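Below: one structure, written as structure tokens.
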Amino acid sequence: MPIDITMPALSPTMEEGNLAKWLKKEGDRVVAGDVIAEIETDKATMEVESIDDGVLGKILVPEGSEGVKVNAVIGVLLLEGEDASAIGTTSSAKAPKPTAEVLAAAEPATEATNEVAGNVQVIIPAVPKSDVSDPDIPAGVSMVPTTVRQALRDAMAEEMRANDNVFVMGEEVAEYQGAYKITQGLLEEFGARRVVDTPITEHGFAGLGVGAAMAGLVPIIEFMTFNFAMQAMDHIVNSAAKTLYMSGGQMGAPIVFRGPNGAASRVGAQHSQCYAAWYGHIPGLKVVAPYGAADAKGLLKAAIRDPNPVVFLENEIMYGQEFDVPDMDDFVLPIGKARIHQPGSDVTLVSFGIGIRYADEAASELATMGIDAEIIDLRTIRPMDVETVVRSIQKTNRCVTIEEGFPQSGIGAEIAAQIMQHAFDYLDAPVLRVTGKDVPMPYAANLEKLALPSVADVIEAVKAVTYRD
Amino acid sequence: MARKPKSLPKSTKSKSSSGKSKARAAAALKTPEPADFSKEQEIEAYRNMLMIRRFEEKAGQLYGMGYIGGFCHLYIGQEAVVTGMQAAISDGDQVITSYRDHGHMLACGMDPKGVMAELTGRKSGYSRGKGGSMHMFSKEKNFYGGHGIVGGQVSLGTGLAFANHYRNNDRVCLTYFGDGASNQGQVYESFNMAKLWKLPCIYVIENNRYAMGTSVVRSSALTEFSKRGSSFNIPGIEVDGMDVRAVKAAGDLAVDWCRSGKGPIILEMQTYRYRGHSMSDPAKYRSKDEVQKMRAESDPVEQVRQRLIAKKWADDADLKAIDKGIRAVVGEAADFAQKDPEPDASELYTDVYL
């Protein structure tokens, strides 16, 4: 039976890509390993290889096509003895076999996970549309759809243009254009002096960055992911965060540590952890965790300008998501201010970063049950805007926190303690936490979904604090 | 049980040491002959080293009296290292070191009163009493601390050198660390980047033979620390760290090397710490004889004193006058540090953020 050639996933989080080029034409004979096509995303480019010997029988998606979904059938490979008449016999409608050899496992596509067997809920809800304007954006400013990736890049580029002391350093930030393409184009614009590829030595280059900051430069240290920053923890905590205090205010470290934080998808225990609570624990650090592209841009610019060390927690899954970003010459948001993502009256959902997506999706479902949820996006973990949270609790009298991190001593635990202290008399129910489960992240798709917080978890917690069945 | 090392530091037999190192480092750099000091240089070195010695003796006393708390790591015995190196650098060059930092701060020209007041945790200390013995800084004197995590200052110092390189200025960074830190992983991460980018960093390894209580032969697979950069093609030379003239000559060579854009260099200073690792050192890991022998035969201050006398550049009365002056300065610093008030309670919450 002919084999379907399907759109491969370049990474566990890829949902779609462009079919850039067919390198073989219909009727061409191919052997296993021949490159038959090139595909690309905004993040990377990759060759599609044939997995078997045969003839390229049919091209179903022409080159130049954009937005081709992962696992879509893009062509048909005829095997020995088959001819074009066999093409109709493929099982395109059924689960297609992966015919392209790719580095990563097939993408557990967001939409597709709805169909996964069992009662496991969607792990990552689709991006919701928020109709709440950000109070920090002046009225009348036009909005430009921008991915989080572009927003981060623009923030760095703008600050680098404005201040020669700002430079970016990390693994693959220059010639590779960023492991996640966040630094794309920066090398070309700013040169190798200011866009510095490092060896794979997180401890060393984090310390080097802090030293450069103590000398008055403004380093942006990119960690390929914050999982690797564990190697650099000593310099982030002991050198960057404490020097100002230990020196009696004489010298500090104006530095930004940034990179993706938290779970990506199917990358296992050592690559899937949220560090918000870890860094949020440390006096001397500021910790920012933006959700959309506008916040990513406005807060990264603020982080670069901040004279204190800032840990800037991004999320790989969000990089390719598009949001409106105000078209302003210099859009900077204040660090330390939460944002009411959606006003409501019955319960307060407090979250940050990608957690807002769970909150959003849950809020939509809760609305159908007649529960009006207010969503607060913390945006900054430290200093935490407790006041905005408390004010909301005074109105809703109920609170559910949402984060991907572990439960013990997490951000939710901190918020619960703050509410106990500052709004105890306003509470009509105990504060509940929705968190990642108290286990290392498993690899298996079903277990990973169970380990992450889910929209169902949020709804269940909200029902509990509102005493609904 | 006193554990006796196999041999005394090579610095006690400096002739053969320099001969050996010459042969070994033939392909790279050679240990220079000790600098030829003028009378003024000798007296200056004597004064600076004695200042550190007297200061540290006083710090030890104040610790015993309970004025200084926590950890206190004295530099007695190693004075020639910072004194010689400081004489080799210029204004604007940076200095960074570990927690055994009092000598470095005095050598950088920091005020003994401010240093001593920090040791006693008082408001006029360099860090307003919030840093302590291990954590002092002076932007004015280009002294970047004062770091308590063994080896941490090596990456930081490499970053200071990176800033010089980035700014394309002429400055070099003296990054001090010990034989103990030499086994930390980040040291080699830093070596790699420093050489890769040709950063103007002088790595001064103060080999005082003991990482806390573990002798170099028990902790280090390769005890020739000058060779620790060989994987990165960073040249290194052994230096008699008890002879301030040898240190100065090596410092001059290293500064020239860095300023001419050749990248990092390693100076292994063979030195010796007379006192314990910190004040609570049981001193069970080495013999009293070993310490006594070093003091008697290689003392850095005594070496200068003898030369001054031999050359008739000073007599006993002159040297006593110098000592008296230094004791007065140190005494004044100690008085100040005991009388200065503790920091105001409001200081608890200042300097956390800018």
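Letters A, B, ... mirror the listed sequences (proteins, then strands); counts begin at 1. All values derive from a computational prediction rather than experimental measurement.
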Closest contact, heavy atoms only, A/G207 versus B/L156:
O-CD2, 3.4 Å
More than 12 heavy atoms of other groups within 6.0 Å of B/L222 CG:
yes
So which heavy atom on A/S247 is nearest to which on B/S127, and how close?
CA-OG, 3.6 Å
Other residues, nucleotides, ligands: >12 heavy atoms within 6.0 Å of B/F232 CZ
yes
Measure A/H203 against the heavy atoms of chain B and call it side chain, backbone, both or neither at under 4.5 Å.
both
Could you tell me which portion of A/S239 (side chain, backbone, both or neither) has an atom closer than 4.5 angstrom to a non-hydrogen atom of chain B?
side chain
Kindly indicate whether the side chain of A/D164, heavy atoms from C-beta on, has any atom under 4.5 Å from the side chain of B/Y166.
yes
Please flag which part of A/D306 lies under 4.5 Å from any non-hydrogen atom of chain B: side chain, backbone, both or neither.
neither
Under 4.5 Å to a heavy atom of chain A? For B/E347 that would be backbone
Side chains of A/L208 and B/W197: closer than 4.5 Å at any heavy-atom pair?
yes
Contact part of B/S138 toward chain A, heavy-atom cut-off under 4.5 Å: side chain, backbone, both or neither?
both
Chain B contact via A/L285 - which portion, at a heavy-atom distance below 4.5 Å
backbone
Grab the two heavy atoms, one from B/F143 and one from A/M251, that are nearest each other, plus how far apart they are.
O-CE, 3.7 Å
Test side-chain contact (heavy atoms from CB on, under 4.5 Å) on B/D351 and A/Q250 and set out the steps.
CA-CA 9 Å; B/D351 305 323; A/Q250 279 190 76; over 6 Å; no
Hey, which of A/V196, A/D234, A/N238 has the most heavy atom pairs under 4.5 Å with chain B?
A/D234
Chain B contact via A/E202 - which portion, at a heavy-atom distance below 4.5 Å:
backbone
Restricting to non-hydrogen atoms, name the atom on A/Y245 and the atom on B/L348 that form the minimum distance, rounded to 0.1 Å.
OH-O, 2.8 Å
So B/F137 and A/L244, side-chain contact (heavy atoms from CB on, under 4.5 Å) or not? Walk me through it.
CA-CA 10 Å; B/F137 304 78; A/L244 184 70; over 6 Å; no
Residue part contacting chain B, namely of A/K286, when any heavy atom lies under 4.5 Å:
both
Calculate, to the nearest 0.5 Å, the distance between atoms OG1 and CG belonging to A/T198 and B/N192 respectively.
10.0 Å
Sort out for me which of A/M214, A/K242, A/R193 touches chain B most, counting heavy-atom pairs under 4.5 Å.
A/R193
Is it the backbone or the side chain of B/L160 that comes under 4.5 Å from a heavy atom of chain A, or both, or neither?
both
Around atom CD of A/E189, are there more than 12 heavy atoms of other residues, nucleotides or ligands at under 6.0 Å?
yes
I need the B/F162 CZ to A/L217 CG distance, nearest 0.5 Å.
7.0 Å
Are there residues of residues 177-190 of chain B whose heavy atoms fall under 4.5 Å of chain A's heavy atoms? If so, which?
B/Q186, B/E189
Non-hydrogen atoms of chain B under 4.5 Å away: do they reach the side chain of A/P199, the backbone, both or neither?
side chain
